[in-house]
Every structure is written in structure tokens, then in C-alpha cells.
There are 4 protein chains.
Amino acid sequence: MRISKDPEERKQEIIEMAMVLFEEKGIQKTSMSDIAKKLNVAKGLIYYYFRSKEELISYVIESFSMVVDEEIGKIMKNEGLDFYGKLGAILNLFFSAIREHPSLMNITPGNSGMFEYIKTRLSEIAITHAGVLIEEGKKAGFIENKYPGYMLKILISGIADLYMEGVTDPSIHRVLIEEALGIPEGKIVLKA
Amino acid sequence: MRISKDPEERKQEIIEMAMVLFEEKGIQKTSMSDIAKKLNVAKGLIYYYFRSKEELISYVIESFSMVVDEEIGKIMKNEGLDFYGKLGAILNLFFSAIREHPSLMNITPGNSGMFEYIKTRLSEIAITHAGVLIEEGKKAGFIENKYPGYMLKILISGIADLYMEGVTDPSIHRVLIEEALGIPEGKIVLKA
Amino acid sequence: MRISKDPEERKQEIIEMAMVLFEEKGIQKTSMSDIAKKLNVAKGLIYYYFRSKEELISYVIESFSMVVDEEIGKIMKNEGLDFYGKLGAILNLFFSAIREHPSLMNITPGNSGMFEYIKTRLSEIAITHAGVLIEEGKKAGFIENKYPGYMLKILISGIADLYMEGVTDPSIHRVLIEEALGIPEGKIVLKA
Amino acid sequence: MRISKDPEERKQEIIEMAMVLFEEKGIQKTSMSDIAKKLNVAKGLIYYYFRSKEELISYVIESFSMVVDEEIGKIMKNEGLDFYGKLGAILNLFFSAIREHPSLMNITPGNSGMFEYIKTRLSEIAITHAGVLIEEGKKAGFIENKYPGYMLKILISGIADLYMEGVTDPSIHRVLIEEALGIPEGKIVLKA
DNA sequence: TATGAATGAGTATTCATTCAT
DNA sequence: AATGAATGAATACTCATTCAT
């Protein structure tokens, strides 16, 4: 049976299924056939929407990033949050993304995960959006780091790696962040 | 021509060539044939020493780790170094490994670099060895971090990622380390 | 946008675009999609007019042949031309077609050019029309060849092949024709 | 069952089977799988010997040409033959090659044959070897053509095309050759 | 120990063709 | 008349792995 769908919808459907499989099995071990089969769709259809596997991969990463991007935008505009509130919210966003997609980090020999690509992309986003926040924080004296942007990147990528190794307690993460940024204890609130 | 060698020697030879090629081209894009060709050896011989590509990969990683492991051991035993000296030397070890093997991090979607696999292993080693050092540092009041081991891990993996994105200036790395560990400026010395 | 056209016009439009692309890229490397895209038309429309790619190909060839057919007809009826004039005009027609459509002969292993298909058809046409001319020529003593029709075919197809190999000088072609047909030097005039 | 063969033998075996299938079905319609299947051999083996389909094709053509090349060499060295004898022998060689591989010329829309490639290659060979013969013939006054090399090419390629269209009578070919080269009737002997 | 020919399952990609709208 | 999303079979090519010698 032939089921036609709105192109945008179909495209999104493919991206989402690819994401799921990339998480589950890693990028290389997920074949274009796998994706088509799971969607009950002909292989050719995927190539109707994406020129190549590589293009599909970048769409998947971009799609993941965009969601995070939008969320951070909202946080930055939220006037109900002060400096520490915003910082905490942003960090939460990242760590919860990782928490909810543990398979993202499925790196095993012979099969690299999506994690490394997404992590880089995410920390780019973090810096872009958090730039203003950090400058404010520095001016207001909340932060005294010489390279606060870099420190933030390190924290995000470093804690993500910690997470991968099983250190998942947010209170530990909180302490590490506070120490590295020289922030008073308890100012940052991380969700479990 | 058929050249017989001491088995251990041969095995090591294969591991080393695999290491070189994994660095150069990434793990997936290095085929067993590539390795055999470079060694002027028949494909079958590699399978005589290693059950599978996967087994070879893990030997390569283990071999790389062991070298680092030994080096750290030497640093720890070096009585000519004080706390900061040892800490600096250990950090140097990691960052210079990365500096000298930039191809280690040759990660592209669909082709993982050695680094992806080694990173976890390396930070395990760091923690194992640096455990004593850090405990000493804490007792002696050099370090006040609540979770100094985790902080170290974050620094190693986070700075490695920074490095990948082009932030290669050691003086920046030094500042980040000093701030995160609450160490007085200039105590740690990183080689260029 | 949906543009309706007169069926015959549309059909001709498709044939012409196919011709252009077949010349440019060869027949196999021209996909039905390519043709549709260039015409700003949906793929399905081409299948509305032609049952299959094969059918389209034969229409294209037929269309090309018909043009040549008509031209030769005009030459034969042209009372202003004598025997040598007509013969020269016919030969010109073929060689200028090749000269003006060098891509016609775009043959590479695995991708045949239009010429491969057209050549036989063209020489059939040549013989059909030139039959009368040649008989006249023989009767009038202008030509003494035993099989002038075959000789003509050989010249057309052979010189076309010469052309493909880079021998493009019309004065060389002229000499070859004159020698093969036993015609006095300078009687045939070939355009550059 | 696994049957190992001498590499050169295997390579030749593949080339020959490819030749047969290319003749039968045309180049494009013959897949690498087809060739493997007919040989009762794994697909991969063909790629062990030939980098790509394209490489295999050129080996097939080269292999075919080499045989002809050698035969012509023998004729040229044959002191028992005079000018006309050698010329006849060479022409015989070509036309009998065509006669024995009629499927070579299996050109149908959507499927180009090997013929065009081989024809070009053959006429190159003809010119190379016949160069000396023709110069001799010209000096000795046997031939008066202005461009005897080109005329020879035209004859070979043109008569081959005639053959394709069903004109297979060698006596007709003989006359055409004699007329085009200005050779006395009956000097050239073509086998049936 | 060592060779390298042989295997075979797998992979991305293309494209003529169909069909519901 | 026209659209374009969907199909599915085919294709070239790769590579880890095996095995007879």
C-alpha cells in the first residue's frame, strides 16, 4: 500500500527515525535500509528527501541542535530569572538532554556514536547564547574567570563525559560548576 | 618473500602499524588490508595474531594506554617534583599526547577517531594514579575542591575537546586549570 | 504552477529536450528525471506521453532522422544543382550535422551516444534518396563504381568515424570521397 | 567449495567470461554479478582482480585487440606474401574477427555494444602496422591514394558497418576495397 | 608461521516506473 | 493534462573473515 504524506511531515519522520536508530545502534551500524524498513517505506524514498546518508546525518544533528537552540533562546528572554537562574537553566537543559538520550553516547569500538558530534554542536550553541549572559555576569562581578566562555565549554563537555562514566548525581555536577566558575555554593539549581 | 619473526615482535609490529593508520584515517576507514599492505604481510597473518578487527582495536588502545600509564608512574615516583610539579607533569603528559597526535581526534560522522575510544581509558588512568597525589594535595591544603578527581577528569576531557576546536594556547589551558582547581597563578607549568 | 499545453506541442517539447540532453550526456546517463527537471515538468507527465524511456528514445531518433530526410528531399528536388552539386550537398548535410553536434558521438564504454543509434538510420536515408541520384550518375558516366550505394554508405560512416578520431579537415574528406567514387578532383565542394 | 586457481589463469578466465557476456547482452546490461555468477565465483573475487567495472572493460578490449595485434605482426613478417597478399591478409583478419563475433555489434537502444570501442581500437592497430606496408605500396606504385592510411581506416570501419547491416558478401567487400584503393581487380583475396 | 586467493553478506545509491490526487 | 510522492529492483563496490597450501 502506498501512503502519501505531506513532504515536510515525511522529512521530519525520517529525521526522527534516523535519530532513534543512530542512538540505538550508532551511525555506521545504522544503514539506510534499516531506516526505511522501520518506517515501512521504500529505500528510494529516503533518497528522495536526502541526497545521501551524510546529508541525512547532518539534518539529524541540526534538528537536535535546533530544539536546544530554541529552548536556550527562551531562557535568555525569561525576565523572571536572574543571572544564576539563567545559568542554571541553561546547564539543566544540556544535562537533561544527555540524561534523556543516554544512548546518544553509545560509543563502542568499531561504532562511533552521535555524541561527539552533538556535543561539539551543543557547546557552540551554548557559547553563542551564553555569551551575553557571561559578559553581564562578569561586569556585575558574579564571575571572575579570565576565559568564562571556555570554562563553560569545558564544564559542558567535561560533565557530559563524566555522565557517560556513570557519575550522574546532579549535586556533584553543581559543586563542580560552582567551583570552576567561582560561584557561591547553592546559587545554581540543577534538576535531578 | 616469507619473513618469519618472533611472534611477540610481530604482534607488536602489527599493533603499532594499526595505531598509526587508525590515527591517520580513523578506525573504520582503516581496513585490515590496509594494515597488512603497509606491513608487507599477508592479510591472513593478522588473523593469526588477532581473532578479529575488534580484538586488534582493543589491543591498540591497551597498548597506547600502557605507555601513558608507565609515564605517569614515573612522574609519581620522581622525588624531584613537588605537588604542583607532579600535577603539571601529568597534565603535560595528556596534552602533549594530544598535541603530538592531532590525528587521534580525527572524528567525522561515520568515522570515529582513536581519541573517542581512548579518552575514557586515559582519564581512568589519570584518576588511578593521581588519586594519591590529590589526596596529598588536599591534606596539604594545596587543593580545596570537593571532588578533585572529578574536576581533574573534567579538565582533561574538556580541554581535549577545546583543543579539537582550535583552542591550542597552553597559557589559556593553564589559566583554566588553575581557576578550576583553585591553584595560585603560575604554579602549574605547561609546555608549549 | 500547472501549465497546460497543446498535446502535440508538449510532446515535441519533450522530444527536443531529450535530444539535447542525450547529446550532452549520452543516452544512459540522461535520466527521465533530468528531462523533466529541465522542462519544469513533473516526471509523470513524460510517462503520459511516452510509454517508456525506450519509446522516447525511438521518437527522438525518428525525429532527428525526419529532419535529415526532409533536407535531402529538398536537395534532390533542387533543379539548380547538377549531379556533383547534389552529391556534395548531401555529403555536406551529413558532415555538417556531425560537425555541429559533436556531442552526438559522445560514446564511452557504458554510455552510448546518439550517434550509435542514428548512424544506421541515417545511412538508410542516404541510400533511399541517393539511389536515384546515383543511378543517374552511373548512366551519365559520372560514376563507375560497381556498388555505388554501398560505397556511399562506407564513406558516410567511415568519415564520421574519422571525424570522431580528430580528422576534421574537409579537404581531406573531399579527396577521400573523390578517390573512392572516381570523381575528378575539385568537383565536390565541402563546407568548412 | 573453494577452488583456488593460478592468478593469471583466473584473471584471463574473468576477462573471457566478461567478453562473452558483453557480446551477448551489451556492456551496461552485463552486471559484475552476472559475470561472477556465470563463473561460479564470489562477486568480491572479480574486484580482487579488477579495481572496477571500467577497468575490467578496458582489459577486455585490450585483450581482444592484442590478439589481432599479434596476428597482424605475423602477417607483416611473412615473406611469402607480396604487397597484395599482405593487404588481403590484414583485411581478412579484421573482417573475419567481425564475422566470428557478430554479437559484438549488438547495439540496441538503451544498450550500447562493444563494437564502437573495439572498432576504433582495431583501426588504430591497423594503421600502426599497415603504415609501413602502405608506404611501400605507394613507393612501388601499387597505391596512388593521397591519404592511404585514412582510406584504409574508412574501409575497415565502413565495411564493418556494412556488415552489421547485413551486407556480408566478401566479393562485394573486395570490389569496394579495390575501387577505393585503386587496385586492379582480383588482386585482393578475401575469405568467405 | 605465513600466504593470498576466495568468500559472501552488506552498503549506499540510482532510476525507470506507478499511481493517488 | 499534470503533479510529485512513493516504489522496488538493480548495481557497483567494500571488507572482515576463512582456508587450502
State which of [options] makes the closest approach to the side chain of [X].
| X | options | result |
| --- | --- | --- |
| A42(C) | dT18(F), dG4(F), dT7(E) | dG4(F) |
| S31(C) | dA12(F), dT13(E), dA16(E) | dA16(E) |
| K53(C) | dA12(E), dA16(E), dA12(F) | dA16(E) |
| Y49(C) | dA1(F), dA6(F), dA16(F) | dA1(F) |
| L45(C) | dA12(F), dA2(F), dT7(F) | dA2(F) |
| R10(B) | dA2(E), dA1(F), dT17(F) | dA2(E) |
| V41(A) | dA12(F), dT7(F), dT13(E) | dT7(F) |
| Y47(A) | dA12(E), dA2(F), dT17(E) | dA12(E) |
| K43(D) | dA1(F), dA6(E), dA12(F) | dA12(F) |
| R2(A) | dA6(F), dA6(E), dA12(F) | dA6(F) |

pair [X]-[Y]: side-chain heavy atoms closer than 4.5 Å:
| X | Y | result |
| --- | --- | --- |
| D161(A) | D161(B) | yes |
| E24(D) | K29(D) | no |
| Y49(B) | L45(B) | yes |

Please report the distance, rounded to the nearest Å, between [atom1] in [X] and [atom2] in [N].
| X | N | atom1 | atom2 | result |
| --- | --- | --- | --- | --- |
| D34(D) | dA9(F) | CG | C1' | 14 Å |
| E55(C) | dA16(E) | CD | C1' | 14 Å |
| Q28(A) | dT14(F) | CD | C1' | 14 Å |
| F50(C) | dA1(F) | CZ | P | 14 Å |
| K5(D) | dA20(F) | NZ | P | 17 Å |
| E9(C) | dA2(F) | CD | C1' | 15 Å |
| K25(D) | dA10(F) | NZ | C1' | 12 Å |
| I35(B) | dG4(E) | CD1 | P | 17 Å |

| query | If each of G44(D) and M32(D) is mapped to the nucleotide of DNA chain F with the nearest heavy atom, which maps nearer the 5' terminus, i.e. the 5' end? | reply | M32(D)
| Toward the 5' end of DNA chain F, which comes first, S4(C) or S52(B), by nearest nucleotide? | S4(C)
| Nucleotide paired to dT21(E) in any strand shown, Watson-Crick or G-U, under 3.5 Å | dA2(F)
| Assigned partner base of dT14(F), Watson-Crick or wobble definition, under 3.5 Å | dA9(E)
| said: For L21(A), is there any backbone N or O sitting under 3.5 Å from a side-chain donor or acceptor partner on T30(A)? | reply: yes
| request: With F22(B) as reference, evaluate I61(B), I57(B), D34(B) under the side chain to side chain contact (heavy atoms under 4.5 Å, CB included) test and give the passing residue. | output: I57(B)
| field | Closest-nucleotide 5' rank along DNA chain E - winner of S33(A) and D6(B) | value | D6(B)
Residues 11-19 of chain B, side-chain donor-acceptor partners within the protein, below 3.5 Å, at least two apart:
from   : atom 1 : to     : atom 2 : distance (Å)
E13(B) : OE1    : K5(B)  : NZ     : 2.8
E13(B) : OE2    : R10(B) : NE     : 3.4

| Base dG10(E) paired with K29(A) side chain (donor-acceptor, <3.5 Å) | no
